[in-house]
Student: 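Got a structure for you, questions after.
The chains referred to below are lettered A, B, ... by the order of the sequence lines, with proteins before strands, and numbering in each begins at 1.
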Protein chains: 2
Amino acid sequence: MVRTESAGPGRTATLSDVAQLAGVSIATASKAINGRDEVAPATRRRVLEAAEQLSFTPNQLARSLLAGRTGTVGLLTSDLEGRFVIPILMGAEDAFGAGQVNVFLCDARGDAIREQHHLKALLNRRVDGIIVVGRQTDPRPSLGTLPVPVVYAYAPSDDQNDLSITPDNRAGGRLAVEHLISCGRSRIAHISGDPAYAAARDRLLGVRDGLQAAGLELVGDAMFSVWSEHWGRDAAALLLAQHPEVDGIVCGSDQIARGVLDTLRDLGRSVPEDVAVIGYDNWEVLATNSRPELTSIDANLQQLGRTAAKRVFTALDDEQRSGTEYQPVRLVIRGSTIPRR
Amino acid sequence: MVRTESAGPGRTATLSDVAQLAGVSIATASKAINGRDEVAPATRRRVLEAAEQLSFTPNQLARSLLAGRTGTVGLLTSDLEGRFVIPILMGAEDAFGAGQVNVFLCDARGDAIREQHHLKALLNRRVDGIIVVGRQTDPRPSLGTLPVPVVYAYAPSDDQNDLSITPDNRAGGRLAVEHLISCGRSRIAHISGDPAYAAARDRLLGVRDGLQAAGLELVGDAMFSVWSEHWGRDAAALLLAQHPEVDGIVCGSDQIARGVLDTLRDLGRSVPEDVAVIGYDNWEVLATNSRPELTSIDANLQQLGRTAAKRVFTALDDEQRSGTEYQPVRLVIRGSTIPRR
DNA sequence: GAAAATACCGAAATGCTTTTCGGTACGTTA
DNA sequence: TAACGTACCGAAAAGCATTTCGGTATTTTC
């Protein structure tokens, strides 16, 4: 059987049970347990012993009802499968110590109706705030004005009165190209994913920023299609055929980069000696299992989640912000740009 | 600023506000809103209008306090990064309609102390039940007897008095090998991951079951090391050197299978014509991006999560079970075992 | 037209904790 | 000894919604 009853009296102990066992009033028991000082040491000891004996734990529901704060946040995401929400979720979850704040997870599956349902449920449960996580960095519709603070993470809100936190894709693109340049590359191409994604466009802007600052130009046109290994392979073949002189490739994602590496290998180009390749997202399972391992841009998503959670609670304490914050990204160097010793 | 106040009276409306506005008692307002029938139609209308006007939503905290049920479950996982917990989490999350039941997510990071903290927090919040999700299929320590039902998912509990739900790895191994046999293969090898994992050992048992039933024997020894592409590549090279006659390879994971495919390609063996390859886990991003796409065993993890959540609530209604349930797995056929037309 | 039944509504209890405030009992000061 | 202060404790309210049960007012029945 699913074990469900404590050995005790069948029911979880309440404060009044503790008080009775200790022979004091409920008020005194509460004070003793919460460390208030209007209680005699001996009494406190009796109460604590009683609480221990009954393995009493205060009912957070009653507590929250009174305090008006629940110590919970809702995390409303549009797709859990996505690789991006998970680190954000982790960051939000541990922004405070274990067990201090708890996260209600809601997956709307990209469905607006479902999202409204979840939203209502969260408000009914009196969450202290809500974090909305999108699956792309394109702006998403605002939830409007709610009785609790809302922070938009990854996908910013389309309303500048909301607070959004999103990775700085433009800086990422620039960082990638600057790294290739610092590795001595000057004939750099860009293979990216779906141009309908703001992420793809922003990263390209960053790439151009970096090239321009170095007085360089992109080799060929930026290549867009989908975020897949297959496209990476095909695009690399195309690129090498038209521009065999290329010596560095900035890829829009690690998946694309994996495909690019495959094709380079097939064509007998060695990485990073002949061509340096850099990915984007730093998706460990892809980046560390390729030959050679993949240099990539990491969007610091876990940090982003932490920041979002913190913002929710500082908003509660009335330090309110708005607009879109861009979270810095970082470069993770591996063998696809720097030869292994 | 983070938008936080409804345009209204600064405070969320309570039932008593509604009652006052409608000119009825609190009791009547409650009945009207909850569809109880001891209230006149005209009165009900007045109340509902008032509720609408104040955009009243009942406080779940108060409701739960009274009902003794919160409509929440805790999901205690040991690593969120893991690829396995996510589908389980999704399944648990949507086991009931949107917004009916909510999931508290807790990531213990594999730390027992942290797990205890989270557990305590969940119990304080009076969750109706707890789902414990491990990252491997090896048995994990039981949480012991708790005041709410507990279901162990993926990683079973080491205590048979608990209820555990885990994928049937042995059946998966057998299914994989049977599929290869049905594709006309008879010289089958097995490359797997870390033998410290029960998953690796169980899958091998299943592979042997399948071979034995067909009167076949494994080609060479089963090869164990780690769950990585690198190992898959190395192992395949070794295997082909010693047993060039091999015509089918059951891999312990999709990662390993990817590595195997790489090596086969390097060695000029075509897949699936010369050698058929099957992976395990059906990790989409790996399986659908390889050349050829990878046939794999899917553990139905989302279904597993749904089942776990359902079990928690049926346990509440006193239909209690124990022991370990094995969740069936399924075969997903792609190009690495059946030639594409 | 009187008795009984029905329909509708409200006071109050319930669930559990925290906090305020009033009250003993004891000791201290003049 | 009278007046006062201190230390400790408990009754009660607050937080919000649900439910029971008793009570009017209205209708039905004979």
Student: According to side chain to side chain contact (heavy atoms under 4.5 Å, CB included), who are the partners of V312(B), at least two apart in sequence or on a separate chain?
Tutor: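 With neighbours one apart ignored, the set is V73(B), I131(B), V151(B).
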Student: Report yes if a side-chain nitrogen or oxygen of R63(A) is closer than 4.0 Å to either non-bridging phosphate oxygen (OP1 or OP2) of dT18(C); otherwise report no.
Tutor: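 For R63(A), the contact criterion (side-chain N or O under 4.0 Å from OP1 or OP2 of dT18(C)) is met.
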Student: Rounding to an integer number of Å, can you tell me how far D37(A) CG sits from dT19(C) C1'?
Tutor: 14 Å
Student: Do the rings of F96(B) and F313(B) sit parallel, tilted or perpendicular, given the 30° and 60° boundaries?
Tutor: perpendicular
Student: Looking at every strand, decide which applies to L61(A) at a 4.0 Å heavy-atom threshold: base, sugar-phosphate, or nothing.
Tutor: nothing
Student: I33(B) CD1 to dA17(D) P: how many Å, rounded?
Tutor: 8 Å
Student: Calculate the interatomic distance between D17(A) atom CG and dG15(C) atom C1'; express it in whole Å.
Tutor: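 Taking CG of D17(A) and C1' of dG15(C), I get 13 Å after rounding.
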Student: To the nearest Å, how far apart are N59(B) CG and dA14(D) C1'?
Tutor: 14 Å
Student: Quick one about S322(B) and N161(B) (side-chain donor to acceptor, distance below 3.5 Å, no hydrogens or angles considered), yes or no?
Tutor: no
Student: In whole angstrom, what separates I26(A)'s CD1 from dG15(C)'s P?
Tutor: 11 Å
Student: Does T14(A) place a side-chain N or O at less than 4.0 Å from the phosphate oxygens OP1/OP2 of dT17(C)?
Tutor: yes
Student: Start at the 5' end of DNA chain C and walk down; is the nucleotide closest to K31(A) or to T43(B) reached first?
Tutor: T43(B)
Student: Looking at S16(B), does any N or O in its side chain come under 4.0 Å of the phosphate oxygens OP1/OP2 on dC16(D)?
Tutor: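 So the side chain of S16(B) is outside the cut-off, no N or O lying under 4.0 Å from OP1 or OP2 of dC16(D).
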Student: In this structure, how many angstroms lie between the P atom of dT17(C) and the CZ atom of R125(B), rounded?
Tutor: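 Atom-to-atom, R125(B) to dT17(C), this comes out as 15 Å.
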Student: Between P on dT18(D) and CG on L65(A), what's the gap in Å once rounded to a whole number?
Tutor: 12 Å
Student: Hey, is the side chain of S25(B) poking within less than 4.0 Å of OP1 or OP2 on dC9(C), counting only N and O atoms?
Tutor: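 It does not, given that no N or O in the side chain of S25(B) lies less than 4.0 Å from OP1 or OP2 of dC9(C).
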Student: So, OP1 or OP2 of dC9(D): does either fall under 4.0 Å of a side-chain N or O from T28(A)?
Tutor: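 Checking T28(A) against dC9(D): no side-chain N or O falls below 4.0 Å of OP1 or OP2.
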Student: To the nearest angstrom, how far is E38(A) atom CD from dG10(D) atom C1'?
Tutor: 12 Å
Student: If only side-chain N and O atoms of N34(B) are considered, is one of them under 4.0 Å from the OP1 or OP2 phosphate oxygen of dT18(D)?
Tutor: yes
Student: Name the residue closer to the 5' end of DNA chain D, choosing between R126(A) and G23(A) according to the nucleotide with the nearest heavy atom.
Tutor: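 Its nucleotide being nearer the 5' end, the pick is G23(A).
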Student: Need to verify one output field. Residue with the more 5' nearest nucleotide on DNA chain C, A27(A) or A40(B)?
Tutor: A40(B)
Student: Quick check: are there more than 12 heavy atoms from other residues, nucleotides or ligands sitting under 6.0 Å from CD of Q327(A)?
Tutor: yes
Student: Applying a 4.0 Å non-hydrogen cut-off, can you work out what S64(A) is touching in the nucleic acid: base, sugar-phosphate, or nothing?
Tutor: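 Counting heavy atoms under 4.0 Å across all strands, no contact is made by S64(A).
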Student: Here's a test for you: under salt bridge (charged side-chain N to carboxylate O under 4.0 Å, His left out), which of R140(A), R109(A), K120(A) qualifies with E115(A)?
Tutor: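 That would be R140(A); it is the only one of R140(A), R109(A), K120(A) passing the salt bridge (charged side-chain N to carboxylate O under 4.0 Å, His left out) with E115(A).
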Student: Checking contacts here: which listed nucleotide (dC9(D), dA17(D), dT18(C)) is nearest the side-chain heavy atoms of L66(A)?
Tutor: dT18(C)
